[in-house]
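In what follows, chains carry the letters A, B, and so on, assigned in the order in which the sequence lines appear, proteins first and then strands, with residues in each chain numbered from 1.
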Amino acid sequence: MTDIARGDVARGVVARGVVAKILPFSAVDGPGNRAVVFLQGCDFDCRYCHNPETRALCVHCGLCVPACPAGALSLEGGRVRWDAARCVSCGACIAACPHGSSPKAVSMTVAEVLSSIDRYKPFLSGVTVSGGECGLQPAFLEALLVEARAAGLPGLVDTNGSADFSSLPGVVAAAEGFMLDVKAWDETEHRALTGAPNRAVVANLRFLAAAGKLYEVRTVVVPGQFDAALTVRETARTLVAAGSGARYKIIRFRPQGVRAAWRGLPTPDDATMGALAAIALREGVREVVVV
Amino acid sequence: MNPGLAVITDRTLTYQQKVAGLAKVGESTENPLRIGAELQVYRDSGVICDLFEGSAPYRPRYIVPDYERFMRRGSAFLGLEPPRDIWEATAALLILYRHVPSITTFPVYLGDIDALLEPFVEDEAEARKAIGLFLLSIDRTINDSFCHADIGPDATTAGRLILELTREQKNAVPNLSLKYDPDRTPDDFALLAASVALDVAKPSFANHRMFAAEFEAMGLGDYAVASCYNGLPKGGGSCTLVRLNLAALAPLARGLDDFSGRVLPDAVARQLEYMDERVRFLIEESGFFESSFLVKEGLIDAGRFSAMFGLVGLAEAVNAFGDGKRFGRDAEADALGLEIIERISARVAAHRNPLLAANGGRYLLHAQVGIDSDRGVSPGCRIPIGEEPELADHILRSAPFHAFFPSGIGDVFAFEPTARANPLHLLDIAKGALASGLRYFSAYAADADVVRITGYLVKRSEMERLGRGEASLQDTTALGRNAVNNLGVLERRLRP
């Protein structure tokens, strides 16, 4: 996926990562105003994914090039090249991609990422590394967190929990905290929802909660697709048992931006969301946020 | 219908508004100012405008009393001893406010009210009740949104109570500034201010370090933020504010060289001439400074009055010469904007009014927020509504202009209501904006009833009331309603 394999240690080398997008200001990716670095590539296939184009890496097939109305894409030496200056952000390339990818993801060094957000530093509480799934590029993730902290920007990790963070002590030490998705508690339902097992997610929930590194846990509620009450209850119990002060954000499914097959699904009503929040509070979670 | 009768029979005006309106009609029957023909052409075409200041200035436009002195010494004219408790303190201030003139007939500056009241805060519950009634009285009796109070930079119990009560009461008056200094303003106090701003569109964040350093350097000492966002010397004020409409001026030029070399210098000179004449009448003929008890009791000092050289419509002027490059979007256009402001600043700085001791007789630049009848004229140096870039870019592009305007410039940002879930996000942005050189930062959440029009606050519900043909307590509701229609102020880009 990159020139760094999973588990590599990046110290002493110029780590490169595949970056889908960098957002200078965000109100919803951790405390305060944060820059968000979205890494490209994800090992889950969530049915409700709002950014399905961040899942796969570009294979440079070139099918998107003729789809671009602005002439921002070209095929050079067998690689698709994206010209940010000409891009009009119309989404035609993403619609044309049969691989669930985007030609706009770029390979960057840690220094390049940090220099692109340097001018915004006075405005930021920190940086959040998200995805895609940032745990798939652990060496780059660790180097980015270390350098960001050195630059005065504490880093949060926003993850689907598929990577085993207990085996990545460098990442855990360098991160200010983690935001972890618990998409479904039941293994079968999790597979149906994401195409992936959830044992690693639950293991990370326990590990990060016990390590005091969990800032927030999130569950997206989609009526009829999985047992949300079970998920919220078990997740809450796990947090409380580990003595974690993490907040639990319970999120309404919203159809905007999701793939066609799921666009017709309903948004959960206030009563459903209130009942789930009540479960988490009853279990003793310190703070529950419904959005 | 003659103007007086129009005021008298207007069904949408309160009694107080009719009295003020009739005073304007009366003043306009006197024309003692000497206005040359060239200046009159600019006035008739709207290039130079005195912002309804009247034809015979009989009080300074903005008065910034030394309320600290009043609290220490009371007032012989008003027969008031220095206050001894929170009830006497709030009552004394409310009494004095009634006697502080301004362009609006209401005081435009109420004091650094946290510091004024803090010495009297003993029992918090009692202080909360007294300050609550104080704020309520201000909103219900000072019926004009250009009335401004300051708090900070230090956190105090009084300051916290003012913020909490501001959120509870959700009133448009007074406008409120937090003088923010990263070395003095604690984060929890600033965070409370940010979360209140998302509910009630105030306080704004004033760059205390910037204001304090500049006023010190100008020899003006302590400053206050008054009216919309006007930085003025405490214990003094501004005799007049006249504005230059760059959007209206640009079309008079045959190109950029003609604008810079001939049209702009002439208009600046005429505006200075007009300001000089208004100051002359006020100081030498009106008798204000000889008769006001505020002067006699040392609450204001003629030597601490300056005057404000205002301007509007920089964006439109730049766009007129920009060959398609847009102000706020393109670096070359922004650079042209800065060049125009530098030219104006240099000419204004070179001018002296021997009648004014403050700042060596030099006028203070002011980025004027516009008047309700403006169409296609952006406030001061602001990027036009509808063309605002992303928030970070917007702030960083705007900041270089702010250093030129010690008597006021500011930007207003509208946030999604969801921003309330994370007020630290807003505080981070406000801090970053001030650290990047912004002088004055205002924010509100898009669904709040109290909304910042250009620099002043108006309630949406009051604008709707006026829209139904009913009278509104605040005279500024009508200005807000027209500005909403003419300037699209409710269409500001929403920040996530």
Side-chain angles (χ1 to χ4, degrees), chain A residues 21-38 50-51 84-85 87-89 115-128 130 151-156 158 176-177 179 215-216 218 247-252 254 256-257 267 273 277 287-291, chain B residues 180-183 187-188 190-191 193-195 197-198 205 207 209-210 329-331 388-400 402 411 413-438 441 443-446 493-496:
Chain A
K21 184 178 160 186
I22 296 173
L23 195 62
F25 283 13
S26 169
V28 295
D29 291 283
N33 184 36
R34 310 186 75 85
V36 190
V37 181
F38 297 92
H50 288 258
N51 312 98
C87 179
V88 294
S89 301
S115 86
S116 80
I117 56 178
D118 186 61
R119 65 194 296 243
Y120 306 116
K121 260 172 61 184
F123 299 87
L124 299 174
S125 271
V127 61
T128 296
S130 181
L153 293 171
L156 281 180
D158 180 346
E176 178 193 23
M179 296 188 286
Y215 167 74
E216 181 179 284
R218 289 90 61 99
R247 70 174 188 175
Y248 199 163
K249 190 187 265 186
I250 307 176
I251 303 169
R252 281 183 181 81
R254 291 178 177 86
Q256 294 82 5
T267 293
M273 300 302 287
E287 184 188 357
V288 179
V289 182
V290 172
V291 296
Chain B
Y180 180 81
D181 180 338
D183 291 336
D187 273 350
D188 59 345
L191 186 60
S195 74
L198 288 169
F205 288 77
N207 194 330
R209 275 186 184 171
M210 189 177 191
R329 291 267 164 177
D330 186 277
E388 304 109 308
E390 274 190 47
L391 184 53
D393 201 29
H394 191 148
I395 291 168
L396 292 169
R397 282 177 181 275
S398 303
H402 285 224
D411 253 302
F413 300 96
F415 283 79
E416 295 272 11
T418 49
R420 288 201 189 93
N422 187 0
L424 182 57
H425 169 252
L426 176 59
L427 178 58
D428 280 346
I429 291 168
K431 282 184 184 180
L434 302 192
S436 303
L438 225 65
F441 175 95
Y444 61 90
R493 180 167 178 177
L494 273 190
R495 316 296 178 162

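Crowding of B:Glu390 atom CD: a count of heavy atoms from other residues, nucleotides or ligands under 6.0 Å not exceeding 12.
When each of B:Leu391, B:Ile429, B:Leu396 is tested with A:Tyr120 by the rule side-chain contact (heavy atoms from CB on, under 4.5 Å), just one qualifies, namely B:Leu396.
The parts of B:Ala433 that come within reach of chain A are both its backbone and its side chain, each placing non-hydrogen atoms under 4.5 angstrom from that chain.
Atom CG of A:Asn33 is separated from atom NZ of B:Lys431 by 11.5 Å, given to the nearest 0.5 angstrom.
Counting heavy-atom pairs closer than 4.5 Å to chain A, the top residue among B:Ala392, B:Ala421, B:Ala419 is B:Ala392. For chain A, the option among B:Ser436, B:Pro496, B:Pro423 with the highest count of heavy-atom pairs below 4.5 Å is B:Ser436. Ranked by heavy-atom pairs under 4.5 Å with chain B, the first of A:Ser26, A:Pro31, A:Pro122, A:Gly30 is A:Pro122.
Across every non-hydrogen atom of A:Ser125 and B:Leu424, the tightest pair is OG-CD2, 4.0 Å.
Looking at B:Ile395 and A:Phe123, their side chains come closer than 4.5 Å, going by heavy atoms from C-beta outward.
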